[in-house]
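Keep in mind the model is a prediction, meaning the values are calculated, not measured. Excluded from the calculations below are hydrogen atoms, water molecules and symmetry mates; all remaining heavy atoms, backbone and side chain alike, are included.
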Amino acid sequence: GSLSAAHLEWGQAAAERSGLLPKSFKFIIGSEIVYIPECIPALVESLCFFLAEDGEVLIANTAVATRTDQSAARVKLCQCLEAK
């Protein structure tokens, strides 16, 4: 197997411009990336673009922006994932 890392802008349009193949990642791992609720929809667009049909996403998050809390960020993430 192989392991890759890349700095990416989030969102469907940015994913399409990235030069990476859609649905090409079996695993996507992120840490401390779900703490600003306004950015979560674009994150989910990117995850859906890159994640293989049988893929898995692992996100670890211990912090949130001062204007929100963990529960609100989690709810927003779940809402966006369910909408996809």
**Report entry** From CA spacing to verdict: side-chain contact (heavy atoms from CB on, under 4.5 Å), F27, V57
**Finding:** CA-CA 6 Å; F27 297 104; V57 175; over 6 Å; no
Identify the heavy atoms of [X] and [Y] that sit nearest to each other, and give their distance.
X	Y	result
K26	D54	NZ-OD2, 3.9 Å
C48	K23	O-NZ, 2.6 Å
N61	E32	OD1-CA, 3.1 Å
P37	P41	O-CD, 3.5 Å
L77	I40	CA-CG2, 3.6 Å
L21	F50	O-CD2, 3.9 Å

Report summary line: Taken in chain and number order and not counting sequence neighbours, the residues that satisfy salt bridge (Lys or Arg N to Asp or Glu O under 4.0 Å) with E38 are R67
Report summary line: Output for pair (I59 CD1, I28 CD1), nearest 0.5 Å, gives 9.0 Å
Query - Gap separating the CD1 atom of I36 from the SG atom of C39, nearest 0.5 angstrom - result: 4.5 Å
Query - Exceeds 12 heavy-atom contacts within 6.0 angstrom, atom CD of E9 - result: no
**Report entry** Inter- and intrachain pairs under side chain to side chain donor-acceptor pair (under 3.5 Å), touching residues 73-84, at least two apart
**Finding:** none
